[in-house]
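Side-chain atoms are counted along with the backbone in the values below, which use heavy atoms only and exclude waters and symmetry mates.
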Amino acid sequence: MKDSIKNLGLNSAKHLQLRQKKSFSRKTFALNLRFLILLSVLISFQKINADIFYSEKYGYSMDLPEAYTLTELEEDETSIFFTHDFLPLSFAVKIYESFSSIEKNEENSKKTTESILKKVLTQIKSPAETASVIWNEKNCAVASLSFSLGNIKNTGYAAAIPLAKNNSTAVLLCYTPQEYWNALNSAVTSTIDSFMPDRKSFMQPGIITTLAYPETYRKKIQLTTGGKNITTEVDAEAGEAANFVVNREYNLLLNYATHPLGKQAFCRYYRMIYKDSYSRLNQVAKDLYRQLFPEAIKKNAENPEHEYIQMLLNWVQNFEYERTPSSTDFTDLISAITSKGSDCDSRSMLLCILAKQAGINSAFFLSTEYSHAIAGFDIEGSGARLKGNSTDFLLGETTAKNLNLGLINQDMADSSKWTYIELP
């Protein structure tokens with residue numbers, strides 16, 4: 001089996017020599033997901049609120065769970081291998097430059113993606129049964145992993161995903177010893193779902209979640225805000241899917257409860273929820289904007305963005321308040337908009353997404369010291385602000401009813417106790 005892994009380029013003596021000769025840079029800088037910059041030919045690491053890996057050559061990014069360490073890397077970037085520092089997890093990325101021009105039609109690309117994944121599964125002696133899934137508008141394939149390395153039986157998931165650059169396909173394999181599967185399946189699926197082949201996928205559900213919860217039919221829902229009854233729609237299973245991701249990420253987060261990277265893991269928890277929820281709310285955001293923004297212009301023609309955010313803020317402030325500290329304590333955003341109970345973080349996340357979809361830059365701020373979350377907006381207006389990168393965001397407190405933008409509890413005004421989580 002070790003020879004099979006070597007054939008995938010995941011354990012090469014050539015690379016071990018390379019590692020002795022070259023060091024990989026690990027730099028600290030403010031989080032900016034819009035402009036991830038490759039710092040070396042070999043893929044550099046950027047240490048931000050959490051590790052974001054980006055390949056300029058192939059155009060993909062990964063927002064991996066905290067404490068993954070790159071242990072092997074081929075010089076041409078076609079094979080990468082990660083191990084987790086304190087959990088028995090392994091994650092591999094193998095790139096195949098396979099898509100010729102004749103294979104670009106839909107049926108051929110589907111067959112090619114599945115055949116590549118089956119080839120890999122055969123090499124590691126895992127059952128070569130795959131499921132096809134349309135994800136990121138491309139034909140992809142997913143499979144369960146079951147194979148042995150020495151005397152250790154491993155379980156996990158694999159996926160084959162077409163990439164935009166170099167007519168290539170990425171094959172992902174994430175696995176853990178079978179005895180840990182029940183405890184770590186959340187970590188495995190979160191790892192696979194953190195793979196983003198292009199910029200658009202920063203704001204879409206991951207491939208595993210999409211396979212488990214494919215789009216079904218659109219369900220009408222009624223929202224009442226700003227004195228208006230607004231009809232909009234979401235996918236019928238969007239709430240169940242979003243709740244699945246919330247619970248999965250929470251189960252993963254529990255592993256970091258006493259770890260030094262706990263705060264960074266918390267930041268990733270919210271980024272993954274944002275990533276999953278953003279596109280689920282596309283139509284909701286459009287319908288709210290269509291109904292409310294004209295009213296915002298009438299009320300404040302000089303600064304309609306401020307008025308629009310104020311209208312949304314007043315709306316979420318009147319949601320039913322609910323906390324369940326024994327569980328995730330986060331209401332999925334589909335449930336939140338139908339007033340099924342929510343807290344500060346779900347309301348703030350919802351506002352960030354609705355603002356972003358209206359073209360208004362927003363930010364999510366988290367304070368573990370205050371046990372609170374708050375939304376910030378890059379708009380004109382007076383009041384309390386928190387800085388994110390070089391932007392001072394006007395704050396919106398979501399848990400006090402009918403409170404204006406810029407007003408927050410004075411007991412929570414210490415800016416050093418807030419962590420800025422920039423969203424893509």
Can you tell me if [X] uses its side chain to pair, donor with acceptor, with the backbone of [Y] under 3.5 Å?
X: Asn303; Y: Glu380; result: yes
X: Asn409; Y: Asp411; result: yes
X: Asn243; Y: Gly239; result: no
X: Asn251; Y: Asn247; result: yes
X: Trp135; Y: Ile208; result: no
X: Lys57; Y: Lys165; result: no
X: Ser61; Y: Met196; result: no
X: Trp418; Y: Lys387; result: no
X: Glu129; Y: Ala131; result: no
X: Arg280; Y: Val234; result: no

Apply side-chain hydrogen bond (donor to acceptor under 3.5 Å, both in side chains) to the pair Asp414 and Ser416, showing each step before the final yes or no. CA-CA 6 Å; Asp414 186 347; Ser416 67; 2.7 Å; yes
Which heavy atom of [X] sits nearest a heavy atom of [Y], and at what distance?
X: Ala336; Y: Thr331; result: N-CG2, 3.8 Å
X: Pro424; Y: Met203; result: O-SD, 4.0 Å
X: Ala363; Y: Cys352; result: O-SG, 3.2 Å
X: Glu237; Y: Pro214; result: OE1-O, 4.5 Å
X: Pro205; Y: Ser279; result: CD-OG, 3.3 Å
X: Ser362; Y: Phe393; result: C-CE2, 3.9 Å

Could you go through Leu261 and Asp85, starting from their C-alpha distance and side-chain angles, then the distance that decides it, and tell me whether this counts as side-chain contact (heavy atoms from CB on, under 4.5 Å)? CA-CA 11 Å; Leu261 293 175; Asp85 292 351; 5.8 Å; no
Centroid-to-centroid, [X] to [Y], below 6.0 Å?
X: Tyr420; Y: Phe365; answer: yes
X: Phe244; Y: Tyr213; answer: yes
X: Phe53; Y: Tyr68; answer: no
X: His306; Y: Tyr308; answer: no

Can we say [X] and [Y] salt-bridge, meaning some charged N sits less than 4.0 Å from an Asp/Glu carboxylate O?
X: Arg248; Y: Asp193; answer: yes
X: Glu369; Y: Lys417; answer: no
X: Lys298; Y: Glu307; answer: no

Could you give the distance from [atom1] ([X]) to [atom2] ([Y]), rounded to the nearest 0.5 Å?
X: Ser194; Y: Phe202; atom1: OG; atom2: CZ; result: 10.0 Å
X: Asn255; Y: Leu87; atom1: CG; atom2: CG; result: 5.0 Å
X: Arg347; Y: Leu313; atom1: CZ; atom2: CG; result: 10.0 Å
X: Tyr269; Y: Leu253; atom1: OH; atom2: CG; result: 7.0 Å
X: Leu117; Y: Thr122; atom1: CG; atom2: OG1; result: 9.0 Å
X: Ser348; Y: Ile421; atom1: OG; atom2: CD1; result: 10.5 Å

For a 4.5 angstrom cut-off between non-hydrogen side-chain atoms, does [X] reach [Y]?
X: Thr338; Y: Ile334; value: no
X: Asp343; Y: Phe330; value: no
X: Glu66; Y: His259; value: no
X: Glu137; Y: Gln204; value: no
X: Leu89; Y: Tyr180; value: no
X: Leu121; Y: Pro127; value: no
X: Thr69; Y: His84; value: no
X: Ser190; Y: Met272; value: yes

How about [X] and [Y]: does a side-chain donor come under 3.5 Å of a side-chain acceptor?
X: Glu77; Y: Ser55; result: yes
X: Asp235; Y: Thr216; result: yes
X: Tyr58; Y: Glu97; result: yes
X: Thr224; Y: Gln222; result: no
X: Gln317; Y: Asn314; result: yes

Taking it one step at a time, do Asp345 and Leu366 satisfy side-chain contact (heavy atoms from CB on, under 4.5 Å)? CA-CA 8 Å; Asp345 49 359; Leu366 175 69; 5.9 Å; no
Stepwise side-chain contact (heavy atoms from CB on, under 4.5 Å) test for Gln357 and Tyr289: CA-CA 9 Å; Gln357 296 225 24; Tyr289 185 85; over 6 Å; no
Just to verify, which of [options] counts as forming a side chain to side chain contact (heavy atoms under 4.5 Å, CB included) with [X]?
X: Leu312; options: Thr398, Thr225, Ile360, Leu354; value: Leu354
X: Leu173; options: Thr191, Val188, Val120, Asn154; value: Val120
X: Val284; options: Asp287, Leu288, Asn282; value: Leu288

When you measure from the centre of the six-membered ring of Tyr278, is the NZ or CZ of Lys275 closer than 6.0 Å and no more than 45° off the axis? no
When you measure from the centre of the six-membered ring of Tyr274, is the NZ or CZ of Arg271 closer than 6.0 Å and no more than 45° off the axis? no
Could you tell me whether Ile152 atom CD1 has more than 12 heavy atoms of other residues or ligands within 6.0 Å of it? no
Considering residues, nucleotides and ligands other than Gln410, do more than 12 of their heavy atoms fall under 6.0 Å from its CD? no
With sequence neighbours excluded, what pairs up with Phe195 under the ring pair (Phe, Tyr, Trp, His ring centres under 6.0 Å) test? Tyr60
Please evaluate residues Ile374 and Met412 with respect to the criterion side-chain contact (heavy atoms from CB on, under 4.5 Å), reporting the C-alpha separation (whole Å), side-chain torsions for both, the decisive distance (0.1 Å), and the verdict. CA-CA 10 Å; Ile374 199 165; Met412 297 183 179; over 6 Å; no
